[in-house]
Visitor: 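Attaching a single structure in structure tokens format; questions to follow.
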Amino acid sequence: MDTTVKALDTNGPATAATLVATDLQPFLHDAVVTLYAPSFVISRPDGQLGGGADGFYHGDSRALSHLTVTAGSIALAPVVGGLRGADRADFRAILRGLGEVTPDPAVALNRRRTVASGRLEESFEVTNAGTQRVGFRLTVTAGTDLAPMERVKTGHAPDPVPAREEGGAGPGGSGLAWSRDGFAVRLVSEPAPDALEAPEGRLSFDVELAPGASWTATLRCTAAHADGDQFPAAPADAVPWRTPALRSADRRFDQWLDQSVADADRLRLVDPRTAEGTGGVDQFLAAGAPWFLTLFGRDSLWAARMLLPLGTELAAGTLRTLARRQGAVADPDTEEQPGKILHEVRRSTQNFNEAFAVPPVYYGTVDATPLWITLLHDSWRWGLAPEQVEQLLPHTESALAWIRDQAAEADDGFLRYVDRTGRGLANQGWKDSGDAIRHRDGRLADPPIALCEVQAYAYEAARGGAALLRAFGRPGADVWEEWAEGLATRFRKRFWVEDARGAYPAVALDRDGRPVDSVTSGFGHLLGTGLLNQEESAALAARLTGPDLDSGHGLRTLSSDSVGFNPYGYHIGSIWPHDTAIAVHGLVRAGFPDAAASLAAGLLTASAGFAGRLPELFAGHGAEAGPRPAPYPASCRPQAWAAASSVLVLRSALGLDADVPGGTVTVAPAFAGAYAPLTVTGLQVGGAQLDIALAADGTVNTTAPEGLTVVSA
């Protein structure tokens, strides 16, 4: 989803000559991100907002770009700061030299932050623990450029907008305000400042503190678009899943799951088009903060699929939200086609440069459509109500028809993509940066491109779609099963290549049907889908655990033996947690739990290096370079499918699967013994709670919903 990389060059890798300072995407690796979608705050580790991508954002617009605090000539020395959950953060600093009569600090500033939808609250508390009376002027400076997100991302933020003083009733009275193009921002303080300076945006407070006294001021900033939120925040009390509780012998796993679920909670958005009679609002997960805090087909689908062990409500909301926007006509400007599932939705066109622009509703993705079908199938197996499944079957048939028609357009019968607009995404799978799909020698693949994992998605969708059609008495199941087998046969003949280590599937076929022979993490997406036989699966399991792909912190997207490998490359050497988690699950499904355990252990080690909040991606240097992974500096964090990966790894470790229509739930621990004793409560299958306990000796105790038989192998 790195539109900056795509914008630089949609036909090949960017060169140094194409980049100038103003083109550089801001770094985020040391930022503190507090989130309550569709709003979030990015700040420095000391709590200050002031440069790069820093700011308070709402609905893809920057409401504040600066919010800094000073104490005259007194130095503020940061001591500690960081997250408290997903939507709160605290930052402590010492006012150096003020009131000090010994080497001990005397006066401290505690800055507390809370973000909600369209609202930021910053509380400043100064305490005097010294023996002397102190006085100083505390000044908060606020400012904004009201920049749209794509301008921030490309490093082309507009000039600051002057603040104006604006009166008002209620706490804080008069305050500062900014507005442009229907986006309005207001900042007030309680108590009112002793001095308010506009357009500079300064609020000053004269603070006098006796020994043992404290002083507090609270700033509240609100932001709103005149036409409302495109996708509003989900109700706080309507979480569409059970919140699990994991207690294992490895506390890193517990922390990773806890933080991930908290982040997923704050990534929830609702579809304003929710139809009556659905029993609530349809919810989905925004892809990630800061760059992708909106509906993304692929990301929202994968995240909902990974979270199925917590319930089917999120999956149902995601499916319906995307179904309402399923392609109905052929539109070359947006790449909409009948039956196709969209790529992303924004408030307006994103204009990155003259060669790259994305329309507000964009369909430039090849994999969201088969992934939608598979999510519906998997949700049905996890217990989505039959009437809800049946309502979506016409959309399933349309999506299947799109797969059939697109494959039929190609001479070889594979699902391919090509950007026909000339201004869209050059690559339209999940590795969608312009330089992602390349041959082993570094040459870029020429489109139209058929990705190996997309064929696996299509195979799984055809099989899952056939199962749904048959279960609900609709025609076509046999045809789709035959189509899937034909695809598997073609794949076996055309995709497999060989090197010194043996046979493996190419990452893609290029325009001329030639294999794009680089070794990639895409292998993991093929496993467990049914596309491969046991011998082929064994070959890929061995390749995935080789040191060129398995970094010790997760899977590299591109083998370190390949020409063009870059540990900081967005899709050419970096590590994506969701990518590794998919491989872990695929290995377990294919019968290779030991290989899965190794990859899961690396991902768990990486999670500890990021305090449980795994980012969208991180650098692919690997464990040999150090115990902690290096960040990819511009990565989203939190990000939906990175957060959901913890649940998929837990599911894989437990060998957990469900077939509610068949009346069974499978609990066959694959590698969970590495974390035993382990207890997880609050899982959900068939709409009821599922609890699992694994003793140190391997004994499993499962409390399953009534009517479901527990299968242990």
Visitor: Does P191 offer a backbone N or O that forms a donor-acceptor pair with the side chain of S189 under 3.5 Å?
Guide: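 Yes; at least one donor-acceptor contact below 3.5 Å.
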Visitor: Does anything in residues 72-110 pair up under ring pair (Phe, Tyr, Trp, His ring centres under 6.0 Å), and if so which pairs, sequence neighbours excluded?
Guide: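 Of all non-adjacent pairs touching residues 72-110, none passes ring pair (Phe, Tyr, Trp, His ring centres under 6.0 Å).
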Visitor: Check whether S574 reaches the backbone of G620 with its side chain - one donor and one acceptor, N or O, closer than 3.5 Å.
Guide: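 The answer is no, because no donor-acceptor pair under 3.5 Å joins these two groups.
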Visitor: Residues two or more places apart in sequence or in another chain: which of them pass side chain to side chain contact (heavy atoms under 4.5 Å, CB included) with P199?
Guide: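 Side chain to side chain contact (heavy atoms under 4.5 Å, CB included) check on P199 returns P162.
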Visitor: Report the C-alpha separation of L293 and M149 in whole Å, then their side-chain angles, then the decisive distance to 0.1 Å, and conclude whether the side chain to side chain contact (heavy atoms under 4.5 Å, CB included) test is met.
Guide: CA-CA 10 Å; L293 203 65; M149 179 57 70; over 6 Å; no
Visitor: What are the two closest non-hydrogen atoms of L246 and V680, and how far apart are they?
Guide: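 Nearest pair, atom of L246 first, then V680: CD1-CB, 4.1 Å.
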Visitor: Report yes if some heavy atom in the side chain of E344 is under 4.5 Å from a heavy atom in the side chain of V358; otherwise report no.
Guide: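 They are in side-chain contact.
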Visitor: Less than 4.5 Å apart, any side-chain heavy atom of R88 and any of L83?
Guide: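 No - every pair of side-chain heavy atoms lies 4.5 Å or more apart.
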Visitor: Spell out, as yes or no, whether a donor-acceptor pair under 3.5 Å connects the side chain of S123 to the backbone of T218.
Guide: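 No, the answer is negative, given that no donor and acceptor are paired below the 3.5 Å cut-off.
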Visitor: Go through the steps for E616 and Y632 under the test side chain to side chain contact (heavy atoms under 4.5 Å, CB included), then give the verdict.
Guide: CA-CA 9 Å; E616 174 190 18; Y632 178 86; 5.9 Å; no
Visitor: I'd like to know whether T141 forms a side chain to side chain contact (heavy atoms under 4.5 Å, CB included) with H66, so could you lay out the CA-CA distance, the side-chain angles of the two residues, the decisive distance to 0.1 Å, and finally the verdict.
Guide: CA-CA 7 Å; T141 303; H66 286 75; 5.9 Å; no
Visitor: In the structure I gave you, are the side-chain heavy atoms of P290 and C636 within less than 4.5 Å of one another anywhere?
Guide: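 With C-beta onward as the side chain, the pair touches.
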Visitor: Output, in order, the C-alpha distance, side-chain angles, deciding distance and verdict of side chain to side chain contact (heavy atoms under 4.5 Å, CB included) for V188 and E166.
Guide: CA-CA 9 Å; V188 298; E166 185 177 86; over 6 Å; no
Visitor: Counting distance only, does the side-chain N/O of Q283 pair as donor-acceptor with the main-chain N or O of A238 below 3.5 Å?
Guide: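 It does hold such a pair.
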Visitor: Do Y570 and W576 pass the ring pair (Phe, Tyr, Trp, His ring centres under 6.0 Å) test, and can you show the C-alpha distance, the side-chain angles, and the key distance before you say yes or no?
Guide: CA-CA 9 Å; Y570 197 65; W576 290 64; 5.1 Å; yes
Visitor: Between R151 (side chain only) and H156 (backbone N and O only), is there a donor and an acceptor less than 3.5 Å apart?
Guide: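 Present.
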Visitor: Could you pull out the closest heavy-atom pair between A223 and A63, with the gap in Å?
Guide: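 Closest approach of A223 to A63, heavy atoms only: CB-CB, 3.7 Å.
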Visitor: Could you list the donor-acceptor pairs under 3.5 angstrom formed by side chains in residues 32-41, with sequence neighbours left out?
Guide:
| from | atom 1 | to | atom 2 | distance (Å) |
| --- | --- | --- | --- | --- |
| S39 | OG | H58 | ND1 | 2.6 |
| S39 | OG | G118 | N | 2.7 |

Visitor: Counting distance only, does the side-chain N/O of S635 pair as donor-acceptor with the main-chain N or O of P615 below 3.5 Å?
Guide: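 The answer is no, because no donor-acceptor pair under 3.5 Å joins these two groups.
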Visitor: L285 and L314: which non-hydrogen atoms are nearest, and at how many Å?
Guide: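 Closest approach of L285 to L314: CG-CD2, 4.0 Å.
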Visitor: So which atom in A304 and which in T318 form the shortest heavy-atom distance, rounded to 0.1 Å?
Guide: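 Smallest heavy-atom distance, with atoms named: CB-OG1, 3.9 Å.
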Visitor: Quick check: closest heavy atoms across R62 and G55, and the distance to 0.1 Å?
Guide: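 Shortest heavy-atom separation between R62 and G55 comes out as CD-CA, 4.2 Å.
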Visitor: With side-chain hydrogen bond (donor to acceptor under 3.5 Å, both in side chains) as the criterion, how do S433 and H571 come out once you've worked through the C-alpha distance, each side chain's angles and the decisive distance to 0.1 Å?
Guide: CA-CA 7 Å; S433 51; H571 292 122; 2.7 Å; yes
Visitor: Salt-bridge test for E122 and R112: reply yes if a basic N is under 4.0 Å from a carboxylate O, no otherwise.
Guide: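 No salt bridge links E122 with R112.
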Visitor: Between V115 and F56, is any pair of side-chain heavy atoms under 4.5 Å apart?
Guide: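 They are in side-chain contact.
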Visitor: Any donor and acceptor pair, going by atom type alone, linking the side chain of T127 with main-chain N or O of S214 inside 3.5 Å?
Guide: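 Pair absent, no side-chain N/O of T127 close to backbone of S214.
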Visitor: Can you tell me which residue pairs pass the ring pair (Phe, Tyr, Trp, His ring centres under 6.0 Å) test with a partner in residues 194-234, sequence neighbours excluded?
Guide: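 Counting only pairs at least two positions apart or across chains, the ring pair (Phe, Tyr, Trp, His ring centres under 6.0 Å) contacts touching residues 194-234 are F183-H225, F205-W215, F231-F284.
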Visitor: In chain order, what residues pass the ring pair (Phe, Tyr, Trp, His ring centres under 6.0 Å) check against Y568, with sequence neighbours excluded?
Guide: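 Once residues adjacent in sequence are excluded, the partners of Y568 under the ring pair (Phe, Tyr, Trp, His ring centres under 6.0 Å) criterion are H621.
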Visitor: What residues, two or more places apart in sequence or in another chain, satisfy ring pair (Phe, Tyr, Trp, His ring centres under 6.0 Å) together with F136?
Guide: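 Here no residue qualifies.
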Visitor: Taking side chain as C-beta onward, heavy atoms only, is L257 less than 4.5 Å from P244?
Guide: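 Of all side-chain heavy-atom pairs linking P244 with L257, at least one is under 4.5 Å.
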Visitor: What about the rings of F296 and H343, do their centers lie closer together than 6.0 Å?
Guide: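 They qualify: ring centres under 6.0 Å apart.
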Visitor: What do you reckon, are the aromatic ring centroids of W430 and W302 less than 6.0 Å apart?
Guide: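 Ring centres of W302 and W430 not closer than 6.0 Å.
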Visitor: Salt bridge or not between R44 and D54? Use side-chain N to carboxylate O under 4.0 Å.
Guide: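 Looking at D54 together with R44, the answer is yes, because their closest N to O distance falls below 4.0 Å.
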Visitor: For the side chain of D229 and the backbone of A233, is there at least one donor-acceptor N/O pair under 3.5 Å apart?
Guide: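 It does not hold such a pair.
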Visitor: Using a 4.5 Å cut-off on heavy atoms from C-beta on, say whether the side chain of R113 contacts that of D87.
Guide: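 SC-SC contact between D87 and R113 ruled out.
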Visitor: Just so I know, are the side chains of L203 and L176 near enough to count as touching, which here means a heavy-atom distance under 4.5 Å?
Guide: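 Yes, side chains in contact.
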Visitor: Do the charged groups of R266 and D263 touch, with an N to O distance under 4.0 Å?
Guide: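 So R266 does not pair with D263 through a salt bridge.
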Visitor: Can you tell me which residue pairs pass the side chain to side chain donor-acceptor pair (under 3.5 Å) test with a partner in residues 192-201, sequence neighbours excluded?
Guide: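 Applying side chain to side chain donor-acceptor pair (under 3.5 Å) to every pair that reaches into residues 192-201, excluding sequence neighbours, yields E197-R202.
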Visitor: Provide the closest heavy-atom pair for A71 versus L95 in the form atom of the first, atom of the second, distance.
Guide: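 Result for this residue pair: CB-CD2, 4.1 Å.
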Visitor: In terms of side-chain geometry, is the basic nitrogen of R346 or E150 positioned less than 4.0 Å from the acidic oxygen of its partner?
Guide: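 No, this pair does not count.
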Visitor: Does CZ belonging to R251 count more than 12 external heavy atoms closer than 6.0 Å?
Guide: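 Buried by this count: over 12 neighbours within 6.0 Å.
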Visitor: Would you please name every residue forming a side chain to side chain contact (heavy atoms under 4.5 Å, CB included) with Q48, sequence neighbours left out?
Guide: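 Q48: side chain to side chain contact (heavy atoms under 4.5 Å, CB included) contacts with D46, T68, V69, R111.
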Visitor: I'd like to know if R347 and D227 make a salt bridge, using a cut-off of under 4.0 Å between side-chain N and carboxylate O.
Guide: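 Salt bridge flag = yes for D227 with R347.
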Visitor: Please, which pairs that meet salt bridge (charged side-chain N to carboxylate O under 4.0 Å, His left out) have at least one residue in residues 621-648, sequence neighbours excluded?
Guide: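 Those involving residues 621-648 do not exist here.
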Visitor: May I ask you to test the I582-M306 pair for a side-chain heavy-atom distance under 4.5 Å?
Guide: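 Answer yes - side chains close enough.
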Visitor: So, using ring pair (Phe, Tyr, Trp, His ring centres under 6.0 Å) as the criterion, who are the partners of F618 when residues are at least two apart?
Guide: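 For F618 the ring pair (Phe, Tyr, Trp, His ring centres under 6.0 Å) partners, ignoring immediate neighbours, are F610.
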Visitor: Counting distance only, does the side-chain N/O of H553 pair as donor-acceptor with the main-chain N or O of S551 below 3.5 Å?
Guide: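 No, H553 side chain to S551 backbone: no donor-acceptor pair under 3.5 Å.
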Visitor: Above 12 or not: heavy atoms from other molecules or residues under 6.0 Å from CZ of R180?
Guide: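 Yes, CZ of R180 has more than 12 neighbouring heavy atoms, counting only those of other groups under 6.0 Å.
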Visitor: Donor-acceptor check, side chain of T557 to backbone of I575, threshold 3.5 angstrom: yes or no?
Guide: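 No: the side chain of T557 does not pair with the backbone of I575.
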Visitor: Sequence neighbours left out, cut at 3.5 Å: what donor-acceptor pairs do the side chains of residues 97-108 make with other protein atoms?
Guide:
| from | atom 1 | to | atom 2 | distance (Å) |
| --- | --- | --- | --- | --- |
| E100 | OE1 | G97 | N | 3.4 |
| E100 | OE2 | G97 | N | 3.1 |
| T102 | OG1 | D104 | N | 3.1 |

Visitor: Apply ring pair (Phe, Tyr, Trp, His ring centres under 6.0 Å) to F565 and list each qualifying residue two or more places apart in sequence or on a separate chain.
Guide: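 Result, ring pair (Phe, Tyr, Trp, His ring centres under 6.0 Å) vs F565: none returned.
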Visitor: For T139 and S204, run side-chain hydrogen bond (donor to acceptor under 3.5 Å, both in side chains): C-alpha distance rounded to whole Å, both residues' side-chain angles, the deciding distance at 0.1 Å, then the answer.
Guide: CA-CA 4 Å; T139 300; S204 297; 3.1 Å; yes
Visitor: Taking atom CD1 of I74 and atom CZ of R137, what is their separation to the nearest 0.5 Å?
Guide: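 Between I74 CD1 and R137 CZ, I get 12.5 Å after rounding to 0.5 Å.
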